[in-house]
Amino acid sequence: MPNLLIGGGKLMGYMALYRKYRPRSLPEVVGQKAVVRTLVNALKGGQIHHAYLLCGPRGTGKTSVARAFARSVNCHEGPTPEPCGKCVSCLRIEQGSSTDMVEIDAASNRGIDEIRALKGTVSFSPSEGKFKIYIIDEVHMLTKGAFNAFLKTLEDPPPGVLFLLATTEPHQVLPTIISRCQRFDFTLHTQKDIVERLSFICKEEGIEADAEALETIAIFAEGGLRDAISILDQAISFTGGKIKEEDVIELLGRVDQDTLQSMVEAVCQSDISGFLELIHFAGEKGKDPRQLADDLSRYLRQVLIIKECGYDTSMVELTAEKRKAVYEDGKDIARETLLKMLEVLAELNRDLKFSTQPHLLLEIAGVRLAVTAEDNLAHRLKTLEKKVEQLDKIQVQGKIKEEMKKPQKKKEEKETEKIEESTEKISELQSKWPEFMNYLQEKKERRLCAFLEPAAPLEIKDNTIIIEVRHSFHHKNLEKNKDMVQRRVKEFFQLDLKPVFSLRKEEGEEEDDNNDDEVLQDGEKKKEKSLREHPVVKGAIELLDARIIDG
């Protein structure tokens, strides 16, 4: 029964999109080319078998194909792959009122009594079409006794009887039943097929939907077209008819790619506090730990595949912008580290299924991930140290002494015009800060926007703008992107200001003016610092024109 909506004092029927756009004939079926081709050829050649077994994952079109096939065989102009849709048989099958087509849900009618009742009606001749058609959904749910009672009828049915059996679990169907049917295996839909179908539906319904939004729906539908259409239906209600990618992510409770990238970056930098902060932020937004772990696993899988199979691999379906971001992330992560991280997440996903403390397990896994990346860095530094020791120490040290004698070139400092401090200017800048965030979104600077949105401009001094940052993780990333911030500020505010980021100290927090690079608290970071400053390492770098790679 369709849902009822009240509007203007009248009751109006609403049909779900997956029902409204269910294929009416075999050529309309999306994907499943092998299944459709075989059935179409059988209809054209008049080679209609008495029993078919349709197997495959949910939402791949098994029941839709069964109903379309029923229309084709019982159409008054058929059997034909293109039923007329106008005859009595076609219309009644469409309305679900045909006496010649019986649909049975084996999940709720699974006993021997129901099968005996079915056997009692099989002998009746069709009243409207050429066949008496029985569609049995989830046939694997029948009991063993019901299967045995059904076997004789399936093996030798009366003339004009057609059985269409559908199941998501073919291995649970008795081999004696399978051997008496023509079996068709349905496959998951490709992302391309799903996006094309969703685009068609949006066009028919007059819905505006970004390409990224439809691709996100296709990804999270995991090959099920019916699930994808249901998500689209829900997204239309959620947005009012103009669907964007962030709307779909919020609707499904998933984690956006920018956040996932930030998590991976924090792990690779062994920034445990930054990773835990991101988990906390995700929890504040209502993200489920299980969903977050699943999304992070999926993202790292994409990183691994693109890293190993190349930028243009078809194994990962992403937009050009997202593919580039994933590719860049993979360049800085060693293969061994990626594999260990995926192993940690696989173990986490298993444990989360039975845990009553999912947040705790996620935090523990975050620490393990950071330690994994840290161990990889220590291993790489140790390997570098061994290679350096194999060099000719005398030659290296001689090179070092020679280089140390060279006078250092003085850096020329350019004087810049001093920008007069103005309360009016900083007030204007603060008031337009939300507009500046929108400008960054338009420029596709989503990660930069995520770091700057909770920040606040404090004052303009000389040729600098002082920006207060709330979290240390944001502070580190903004320092790395200082040039980009300066460029975007200049574009939007028409002010050439050098950004200076000030980390806000929470109440009770101890002051620490030393940089992270100068004060290394754990043993492994001290080792890394000493190795970088070691005369042998410096000499090797100068001699070989090399550089140390972090990661």
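The residues of the chain are indexed from 1 along the displayed sequence. Every heavy atom of this structure was used, including side-chain atoms; hydrogens, water molecules and symmetry mates were not.
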So [Y] and [X], do their side chains get closer than 4.5 Å, heavy atoms only?
X: Leu142; Y: Ile177; result: no
X: Asp227; Y: Arg58; result: yes
X: Ile135; Y: Phe163; result: no
X: Arg254; Y: Asp294; result: yes
X: Asp185; Y: Arg183; result: yes
X: Phe436; Y: Arg488; result: yes
X: Thr187; Y: Thr60; result: no
X: Ser127; Y: Asp100; result: yes

Walk me through whether Lys130 and Val73 qualify under side-chain contact (heavy atoms from CB on, under 4.5 Å). CA-CA 7 Å; Lys130 302 177 180 65; Val73 297; over 6 Å; no
What are the two closest non-hydrogen atoms of [X] and [Y], and how far apart are they?
X: Gly253; Y: Gln291; value: O-CG, 3.6 Å
X: Val195; Y: Leu214; value: CG2-O, 4.0 Å
X: Cys90; Y: Arg71; value: SG-O, 4.4 Å
X: Val255; Y: Asp295; value: N-OD2, 2.9 Å
X: Phe131; Y: Val161; value: CD2-N, 4.4 Å
X: Val326; Y: Gln257; value: CG2-NE2, 3.9 Å

Residues Leu174, Asn148; criterion side-chain contact (heavy atoms from CB on, under 4.5 Å); working and verdict: CA-CA 9 Å; Leu174 291 182; Asn148 290 330; 4.0 Å; yes
With rounding to the nearest 0.5 Å, note down the distance linking [atom1] in [X] to [atom2] in [Y].
X: Gln261; Y: Arg447; atom1: CD; atom2: CZ; result: 4.5 Å
X: His474; Y: Leu448; atom1: NE2; atom2: CG; result: 11.5 Å
X: Gln302; Y: Leu300; atom1: CD; atom2: CG; result: 9.5 Å
X: Leu352; Y: Leu362; atom1: CG; atom2: CG; result: 7.0 Å
X: Arg24; Y: Glu28; atom1: CZ; atom2: CD; result: 7.5 Å

Between [Y] and [X], is there a side-chain donor-acceptor contact under 3.5 Å, judged purely by atom types and distance?
X: Tyr134; Y: Glu103; answer: no
X: His359; Y: Glu363; answer: no
X: His49; Y: Gln47; answer: no

Does [X], at its [atom1] atom, have more than 12 non-hydrogen atoms belonging to other residues, nucleotides or ligands within less than 6.0 Å?
X: Glu169; atom1: CD; value: yes
X: Tyr439; atom1: OH; value: yes
X: Lys144; atom1: NZ; value: no
X: Lys244; atom1: NZ; value: no
X: Glu453; atom1: CD; value: no
X: Glu308; atom1: CD; value: yes

Quick one: does any side-chain atom of [X] pair with a main-chain N or O of [Y] as donor and acceptor, under 3.5 Å?
X: Thr121; Y: Leu118; answer: yes
X: Glu114; Y: Gly111; answer: yes
X: Asp193; Y: His189; answer: no

As a quick check of understanding, evaluate side-chain contact (heavy atoms from CB on, under 4.5 Å) for Leu164 and Lys62, giving each step before the final call. CA-CA 10 Å; Leu164 296 166; Lys62 300 183 296 298; over 6 Å; no
Using 30° and 60° as the class boundaries, would you call the ring planes of Phe473 and Phe451 parallel, tilted or perpendicular?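 It falls in the perpendicular class, over 60°.
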Show the numbers, then the answer: is there a side-chain hydrogen bond (donor to acceptor under 3.5 Å, both in side chains) between Asp233 and Ser230? CA-CA 5 Å; Asp233 205 348; Ser230 296; over 6 Å; no
Checking side chain to side chain contact (heavy atoms under 4.5 Å, CB included) against Ser72, which of Val40, Leu39, Ile48, Leu43 comes through?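 Testing each of Val40, Leu39, Ile48, Leu43 against Ser72, the sole residue satisfying side chain to side chain contact (heavy atoms under 4.5 Å, CB included) is Leu43.
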With Val267, the side chain to side chain contact (heavy atoms under 4.5 Å, CB included) member among Thr337, Leu296, Leu369, Leu278: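 Running side chain to side chain contact (heavy atoms under 4.5 Å, CB included) over Thr337, Leu296, Leu369, Leu278 with Val267 returns exactly one hit, Leu369.
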Considering only residues two or more places apart or on different chains, which pairs with a residue in residues 292-343 satisfy ring-ring contact (aromatic ring centres under 6.0 Å, His included)?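 Every ring-ring contact (aromatic ring centres under 6.0 Å, His included) pair that includes a residue of residues 292-343, provided the two are not neighbours, is Tyr311-Tyr327.
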Under 4.0 Å between a side-chain nitrogen and a carboxylate oxygen: does that hold for Glu215 and Lys322?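 Lys322 and Glu215: not salt-bridged.
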Answer yes or no on whether Arg197 is positioned over the face of Tyr21, meaning its NZ or CZ is under 6.0 Å from the six-membered ring centre and within 45° of the axis.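 Arg197 over Tyr21 ring: no.
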Chi angles and distances behind the side-chain contact (heavy atoms from CB on, under 4.5 Å) call for Leu53, Phe184: CA-CA 6 Å; Leu53 179 63; Phe184 293 88; over 6 Å; no
